[in-house]
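Single-structure report; data block below.
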Number of protein chains: 2
Amino acid sequence: MMSAQGDPLKLDSMLCFAVYAAGHAFTRFYKPRLEALGLTYPQYLVFLVLWETDGLTVKALGDRLFLDSGTITPLVKRLESRGLLERRRGQDDERQVHIVLTDAGRALREQALAVPLAVGTALAGEREAVDTLREGLHRLRVQLDGGPGA
Amino acid sequence: MMSAQGDPLKLDSMLCFAVYAAGHAFTRFYKPRLEALGLTYPQYLVFLVLWETDGLTVKALGDRLFLDSGTITPLVKRLESRGLLERRRGQDDERQVHIVLTDAGRALREQALAVPLAVGTALAGEREAVDTLREGLHRLRVQLDGGPGA
DNA sequence: TATTTTTCAGTTGCGCACAATTGAATTGTA
DNA sequence: TACAATTCAATTGTGCGCAACTGAAAAATA
């Protein structure tokens, strides 16, 4: 009941802005922790994927993170120039480029463990709410992308 | 129970990525609707604020949207060059610049009403879940920003 | 009042994000 | 087998987002 809003354009009633603002808050929260690793947040996401599955192509990496080659390519080039990963042209399919971690890139994982720990501390005692939120956000994404059928 | 995760760095277990991905989904969803208005999403947010409270300073606008002058200044300059708003140096305080809508800027509001309508359609029958999500995201933002005391 | 500190908008530099395009490689089809 | 359509990574251009800095104005303090 009473979910009807007087002004349909009221900023604080908009789910999109709640998502946008929470994203900002995460960025602010992560910034000092990721600076210790020398990574930006999108770079951190790339490593999260590669630590799970090394050797993915630019395309597969982009699909996982909802990013395209226009974002991935320069990002991994910066990481390559720092010796954290390598870009290898596919042998079977020469259109593809595989992203492969170096020893330094793999070693970064140990330090990265501190990041989710810090999140856990900041959200201590909210584990259940966090799980609910994550599931709700997942359903939201699916709905906005056109439902399960799209 | 069972909220403990085997791998603390697992991408799909991370709330930050759920927020990040939902943000992407909103951006994709809004894009065609906002193109009809000739606005980007951050520009749309600026108008949402100004339609509620016209004449805010750059600082006040930024506080509302969690953005700083480095983002707001060029954004409103682009909107000013299109005749949608004006920037007026404060008379009482000459450091400030007030952002004031033009007739064209106010007129845009009518077309903008279609945007939340489209969201409502896409999320039809989820009103309760949407309210829950928005509140959860708000609490998350407050927690990440250091709690209610910070 | 004089001086220090703070606040504000603006600028620069770097990195993300995406649309549009290019060119090479692959796949599908005639 | 030819050739058309698709896929892939890369590039270009525009706009957001933030840190760091500048210079002017205002506020706080001595």
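The sequence lines fix the lettering, A, B, ..., with proteins before strands; numbering per chain opens at 1.
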Gap between atom CG of A:Leu140 and atom CD of A:Gln143 - 0.5 Å precision: 8.0 Å

Mind checking B:Arg87 for me? I need base, sugar-phosphate or nothing, with any heavy atom below 4.0 Å counting as a touch. sugar-phosphate

Can you measure B:Leu79 atom CG to D:dG15 atom P for me and round it to whole angstrom units? 10 Å

Return the value, rounded to whole Å, for the distance between atom CG of A:Asp93 and atom P of D:dT7. 12 Å

Minimum-distance nucleotide to B:Lys77 side chain [options: D:dC8, C:dG15, C:dG10]: C:dG10

If I take atom CG in residue B:Leu45 and atom C1' in nucleotide D:dG17, what distance separates them, rounded to the nearest angstrom? 13 Å

Is there a side-chain polar atom (N or O) of A:Tyr20 under 4.0 Å from OP1 or OP2 of D:dG17? yes

Listed pairs, N/O of protein and of nucleotides 21-24 of chain C, under 3.5 Å:
none

Salt bridge between B:Arg139 and A:Glu126, side-chain N to carboxylate O under 4.0 Å? no

Give me the residues of residues 47-76 of chain A where at least one heavy atom lies under 4.0 Å from an atom of DNA chain D, by number, or none. A:Thr57, A:Val58, A:Lys59, A:Ser69, A:Gly70, A:Thr73

Taking 4.0 angstrom as the limit, do A:Asp145 and A:Arg141 come out as a salt bridge? yes

For atom OH of B:Tyr30 and atom P of C:dA19, their distance in whole Å: 17 Å

Length of the line joining A:Leu34:CG and C:dG15:P, which is rounded to integer Å: 15 Å

N or O in side chain of B:Lys31 less than 4.0 angstrom from C:dA17 OP1/OP2: no

Most 5' of A:Gln96 and A:Thr27 on DNA chain D, judged by nearest nucleotide: A:Gln96

Check: B:Asp68 side chain, B:Thr71 main-chain N or O, donor-acceptor pair, under 3.5 Å: yes

When rounded to whole Å, the CG to C1' distance for the pair B:Asp92 and C:dC8 reads 13 Å

According to a strict under-4.0 Å criterion, is B:Tyr44 in side-chain N/O contact with OP1 or OP2 of D:dG15? no

Ion pair B:Arg106/B:Asp54, N-O distance below 4.0 Å: yes

Tell me the interatomic distance from A:Glu35, atom CD, to C:dG15, atom C1', rounded to whole angstroms. 13 Å

Basic-acidic side-chain contact under 4.0 Å: A:Arg95, A:Asp93: yes

Please check if the distance between the ring centroids of B:Tyr41 and A:Tyr20 is under 6.0 Å. yes

Which of B:Thr57, B:Leu56, B:Leu50 passes side-chain contact (heavy atoms from CB on, under 4.5 Å) with B:Ile99? Answer is B:Leu50

Does a salt bridge link A:Glu80 with A:Arg87, judged by any charged N lying under 4.0 Å from a carboxylate O? yes

Between P on D:dA26 and CD on B:Gln91, what's the gap in Å once rounded to a whole number? 12 Å

Examine D:dA24: is either OP1 or OP2 under 4.0 Å from a nitrogen or oxygen in the side chain of B:Arg89? Give yes or no. no

Close side-chain approach of B:Leu84 to B:Phe47, heavy-atom, < 4.5 Å: yes

